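Predicted, not measured: the structure shown is a model, and the values here were computed from it.
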Amino acid sequence: MSRPVVTRIAPSPTGSMHIGTARTALFNHLYARRHGGKFLIRVEDTDRERSTQENVDILFQGFAWLGLASDEEPVYQAQRADRHREVVDELVQRGAAFRCWMTPEETEAAREVARAEGRALRSTWRDRTDGDPSQPHVIRFRTPDDQPVVVVDAVQGEVSFPSKDLDDLVLLRSSGEPTYNLAVVVDDHDMGISHVIRGDDHLNNTPRQALIYDAMDWERPVFAHVPLIHGPDGKKLSKRHGATSVAEYADQGYLPEAMRNYLARLGWSHGDDELFSDAQAESWFDLEHIGRAPARLDFDKLNHVNGWWIRQADDERLAALVQQVRAGRGDVVADADLPRLIRAIPMVKDRADTLIALADQLAFALLNRPLAIAEKPAAQLTDEARARLARLSDRLAGLETWDAAFLDDSLKGFADAEEVGMGKIGPPLRAALTGGVASPDIAKTLAALGKAESLGRMADVLSPQA
């Protein structure tokens, strides 16, 4: 194909964005980027009852979170109905479509006859000219008889559909409303779509759409039908498997770059590469390496990918995201506490595979003084332990260097001076610093809290009122 590469995603705004739609959008985006083309968004909003502005906004919020934007202004299908009707008129003039006055009862009776004869519906008005245009009627496509419709699919290979199995498709309803298969073809043609990359649940629509392209003497796009995403049990992905929408994954603490990485690999491969950047995906992505079998969602693998991307992420960005997570729980992180949060993140982010887990790992750094100490760690604060903590506090106060490695050496040196093992120092010190909340090793905890906060928490425990 010599024409420029133009791909599209064409979702219906009827609720949250499904993860399958997100992957299809990503595949289209990556293919366009690989070939220096355009990625477009078309909103198929012909279901006016469900296509509310709220649902449209949800759709674009999903695209924004994923980092996928249309290279041109989005197209809204409902606004193009006049153009769809114009094409239907031309199909009638070409003899490729005809007016049909069959009643619902006549249509059902004809369908029953067709089933009995092992073929699809053929209208009794295909060759009649005595209808009254002023009376309610539909316009149907004149499906060719006894010839296969062959579609060369970039994923599925060559697929042949017997035309006898394709009914005389309604193009225009009696209300004047265009039907889906007609509108899709007209919109894709007018938008210059070169490649239609979509879920294989649309494969059965393809021969009908191909016939419309042929009847209008329009060049067919390259079709590429991608197998759907299944749950870990191999069944069609549904709520019983867990999160199915983009918004749910965002709320559960996944990073958009991790989702792009994981979704790109879900049903497509580049050798054994599992972890890769957007730039690598854009330079590698092709249609040849999309598998023909349904991909299975693997939450363990997703968590692994997300954890890797958390470790690559900028600490200040992660701090802002953790701030949002905690705000969602009703826990406001003051801007004054952000430096402490940023210091703590490098100490714990290798232990977190989601932002939720990261926020939990960072709870120790955001405790308010004086700390409420749980019963079990409080038992470590014996008189002997408090006396030792007082001597340790004096020693730590004199340190000019405050990083994890130096603090670790200082704690070991203190233990040697006290002639005790770290088991006598670590537990009471951890109780003073965290109150029993989970934290990294004790030197990292000190480094994360900073000198002033660490000494302040120790002083709270050592005060007469404690």
Side-chain angles (χ1 to χ4, degrees), residues 1-11 18-42 44 66 68 148-162 165-166 180-181 184-185 187-189 191-214 219-231 234-237 259-274 276 280-298:
M1 176 178 287
S2 58
R3 56 176 163 160
V5 169
V6 182
T7 65
R8 52 76 162 173
I9 184 70
H18 192 274
I19 198 70
T21 301
R23 184 189 64 163
T24 302
L26 178 64
F27 280 10
N28 277 277
H29 171 85
L30 292 175
Y31 192 79
R33 291 293 174 269
R34 167 79 185 273
H35 295 279
K38 293 180 181 179
F39 165 70
L40 306 181
I41 295 175
R42 180 173 71 241
E44 298 194 335
L66 282 166
L68 302 177
V149 181
V150 178
V151 175
V152 179
D153 190 280
V155 174
Q156 306 294 334
E158 185 175 295
V159 187
S160 181
F161 302 85
D165 294 339
L166 306 174
Y180 168 78
N181 281 302
V184 165
V185 171
D187 291 344
D188 282 345
H189 171 265
M191 292 169 68
I193 303 302
S194 64
H195 292 72
V196 173
I197 305 168
R198 59 189 178 186
D200 65 3
D201 51 334
H202 286 284
L203 184 58
N204 286 338
N205 289 324
T206 306
R208 296 174 174 85
Q209 295 171 11
L211 287 172
I212 296 172
Y213 276 102
D214 296 348
E219 182 180 359
R220 296 184 191 179
V222 173
F223 290 103
H225 288 89
V226 181
L228 302 182
I229 300 173
H230 285 187
K235 296 180 180 179
K236 186 176 179 181
L237 188 64
M259 286 303 298
R260 291 194 298 270
N261 184 166
Y262 179 73
L263 289 176
R265 190 64 179 77
L266 193 60
W268 169 81
S269 63
H270 182 266
D272 295 326
D273 294 295
E274 294 285 348
F276 43 79
Q280 288 172 312
E282 289 173 8
S283 68
W284 293 341
F285 188 81
D286 57 16
L287 302 178
E288 291 77 10
H289 289 90
I290 295 175
R292 293 191 183 184
R296 293 196 183 191
L297 195 63
D298 184 330

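Distance check: R33 CZ to K38 NZ gives 11.0 Å after rounding to the nearest 0.5 Å. Atoms CG and CD1, on D187 and I193 in that order, are 9.5 Å from each other to the nearest 0.5 Å. Expressed to the nearest 0.5 Å, how far CD1 of I197 lies from NE2 of H29 amounts to 12.0 Å. Expressed to the nearest 0.5 Å, how far CD1 of I19 lies from CG of L297 amounts to 7.5 Å. Residue F161 holds its CZ atom at 10.5 Å from CG of L211, rounded to the nearest 0.5 Å.
The salt bridge (Lys or Arg N to Asp or Glu O under 4.0 Å) pairs that include a residue from residues 197-206 number zero, where partners must be two or more places apart or lie in different chains.
Here the side chains of S160 and V151 are not in contact, with every heavy-atom distance at 4.5 Å or above. Side chains of V226 and T24 form no contact here, defined as non-hydrogen atoms less than 4.5 Å apart. Within the 4.5 Å cutoff, the side chain of L266 has heavy atoms near those of the I229 side chain. For the pair V6 and H195, the minimum side-chain heavy-atom distance is 4.5 Å or more. A heavy-atom distance below 4.5 Å is found between the side chains of V5 and T7. Between S194 and R3, some side-chain heavy-atom pair lies under the 4.5 Å cut-off. Using a 4.5 Å heavy-atom cutoff, the side chains of R8 and V196 are in contact.
The side chain to side chain donor-acceptor pair (under 3.5 Å) check on N261 picks up W309, with sequence neighbours excluded. Annotation: salt bridge (Lys or Arg N to Asp or Glu O under 4.0 Å) contacts of D286 (sequence neighbours excluded): none. F285 pairs by the ring-ring contact (aromatic ring centres under 6.0 Å, His included) definition with F27, W268, not counting sequence neighbours. Contacts of P11 classified as side-chain contact (heavy atoms from CB on, under 4.5 Å), with partners at least two apart in sequence or in another chain: I9, T21, L59, F63. Under the rule for a ring-ring contact (aromatic ring centres under 6.0 Å, His included), H289 has no partner lying at least two apart in sequence or in another chain. For the salt bridge (Lys or Arg N to Asp or Glu O under 4.0 Å) test, no residue two or more places apart in sequence or in another chain qualifies with R23. Evaluation of the side chain to side chain donor-acceptor pair (under 3.5 Å) rule for R265 yields E274 as partners, not counting sequence neighbours. With sequence neighbours excluded, no residue satisfies side chain to side chain donor-acceptor pair (under 3.5 Å) with R296. Residues satisfying the salt bridge (Lys or Arg N to Asp or Glu O under 4.0 Å) test with R260, not counting sequence neighbours, are D278. By the side chain to side chain donor-acceptor pair (under 3.5 Å) test, Y180 pairs with H202, sequence neighbours left out. D153 meets the salt bridge (Lys or Arg N to Asp or Glu O under 4.0 Å) test with no other residue; sequence neighbours excluded.
The closest side-chain donor-acceptor pair between H225 and T206 falls under 3.5 angstrom.
In this structure, the ring of F276 has its center no less than 6.0 angstrom from the ring center of H270.
Of the charged side-chain nitrogens involved, at least one lies within less than 4.0 Å of a carboxylate oxygen, so that R42 and D188 count as a salt-bridged pair.
When atom types are taken as modelled, the side chain of Y262 and the backbone of D298 share a donor-acceptor pair closer than 3.5 angstrom. Of the possible donor and acceptor atoms, one in the side chain of H18 sits under 3.5 Å from a partner among the backbone N and O of G20.
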